[in-house]
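For reference, the structure is listed below as structure tokens.
Worth saying up front: this structure is predicted, and the values here are computed from it rather than measured.
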Amino acid sequence: MSDKLESINAKYNKTRAEISQEIRKNIEKMSSMSGLKEVQVIMLSMRQRLLEDNHILIEQLSSVKRKYRNERAKQMENISTNLQHRYQYNEKTVLIDGATANIKEIVDTIENQISFFVDSIKTVDNVLYGIKTRVEIEKTIGM
């Protein structure tokens with residue numbers, strides 16, 4: 001399970017770096033008026049990709065959360081019925097948290113990636129708004 005978590009983390013780190021670099025590169029292209037149309041098309045495309053990737057991750061998250069809840073329930077039943085030692089509720093919670101820590105880490109990792117996508121979409125929206133504003137200013141000035 002930890003290998004799966006490491007591969008997920010590596011994949012998400014790579015994705016975050018690529019998206020951040022792409023956003024940064026396109027913001028730099030905005031310095032000239034001639035590049036604005038290209039940047040606008042690229043950013044609109046990127047926004048759509050981010051939305052699609054975000055929705056896919058949300059679906060995966062619901063699946064992993066279901067697995068997490070089922071595993072917690074299974075652990076609670078196991079502790080309550082199959083062990084000779086009687087535990088207090090808070091002790092059971094600690095044992096269950098320890099037994100399901102790997103799945104919880106995967107849930108947290110996916111939630112962090114979803115948060116990154118949401119923030120990236122906001123950044124892209126701000127860039128698109130900036131392009132619109134810049135075009136209007138250029139029209140007003142008469143360039």
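- Between the side chain of S45 and the backbone N or O of V41, no donor-acceptor pair lies under 3.5 Å.
- Counting heavy atoms from C-beta outward, F116 and I19 have side chains that approach closer than 4.5 Å.
- Residues I58 and I103 share a hydrophobic cluster, clusters being chains of Ile/Leu/Val/Met/Phe/Trp/Tyr side chains in contact below 4.5 Å.
- Closest heavy-atom contact between M43 and I23: CE-CG2, 4.3 Å.
- Side-chain contact between I106 and Y68 is absent, with no heavy-atom pair separated by less than 4.5 Å.
- M46 contributes atom CE, which lies 10.0 Å from atom OG1 of T123 (distance to the nearest 0.5 angstrom).
- Using a 4.0 Å cut-off between charged side-chain N and carboxylate O, K65 and E111 make a salt bridge.
- For E18, the CD atom sits in a packed shell: over 12 heavy atoms of surrounding residues, nucleotides or ligands are nearer than 6.0 Å.
- Taking a 6.0 Å sphere around NZ of K37, one finds it holds 12 or fewer heavy atoms contributed by other residues, nucleotides or ligands.
- Residues Q113 and I8 form no side-chain contact, since every pair of their non-hydrogen atoms from C-beta on lies 4.5 Å or further apart.
- Of the possible donor and acceptor atoms, one in the side chain of E91 sits under 3.5 Å from a partner among the backbone N and O of Q88.
- For S62 (side chain) and E59 (main-chain N/O), a donor-acceptor pair under 3.5 Å exists by modelled atom type.
- To the nearest 0.5 Å, atom CZ of residue R66 and atom CG of residue L61 are 10.5 Å apart.
- For the pair K132 and E136, the salt-bridge criterion is met [side-chain N within less than 4.0 Å of a carboxylate O].
- Put simply, the side chain of L5 does not reach to within 4.5 Å of the side chain of N102, judged on heavy atoms.
- A 4.5 Å side-chain heavy-atom check between K29 and N26 finds at least one atom pair inside the cut-off.
- Distance CD/E105 to OG1/T100: 10.0 Å, rounded to 0.5 Å.
- Going from atom OG1 of T93 over to atom CD of Q75 covers 12.5 Å, rounded to the nearest 0.5 Å.
- With values rounded to the nearest 0.5 angstrom, L128 atom CG is found 11.5 Å from I121 atom CD1.
- A chain of hydrophobic side-chain contacts below 4.5 Å, direct or via other Ile, Leu, Val, Met, Phe, Trp or Tyr residues, connects V39 to L44.
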request  = Decide yes or no on side-chain contact (heavy atoms from CB on, under 4.5 Å) for I56 and F117, but give the supporting numbers first.
outcome  = CA-CA 11 Å; I56 290 168; F117 280 148; over 6 Å; no
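- In this structure, N13 contributes its side chain and N9 its backbone to a donor-acceptor pair below 3.5 Å.
- Partners of S80 according to the side chain to side chain contact (heavy atoms under 4.5 Å, CB included) rule, which considers only residues two or more places apart in sequence or in another chain, are M76, K92.
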message = For a side-chain contact (heavy atoms from CB on, under 4.5 Å) check, start with the C-alpha distance between Q40 and V135, then their side-chain angles and the critical distance, and finish with the verdict.
response = CA-CA 11 Å; Q40 188 174 26; V135 168; over 6 Å; no
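- Here the closest heavy-atom approach between residue M30 and residue G130 is recorded as CE-C, 4.4 Å.
- The closest side-chain heavy-atom distance from K74 to N70 is not below 4.5 Å.
- A distance of 11.0 Å separates CD of E22 from CD1 of I27, quoted to the nearest 0.5 Å.
- A single hydrophobic cluster is seen to contain both L36 and V124, as judged by linkage of ILVMFWY side chains at heavy-atom distances under 4.5 Å, directly or through other members.
- Y12 is listed as a side-chain neighbour of L57, based on a closest heavy-atom distance under 4.5 Å.
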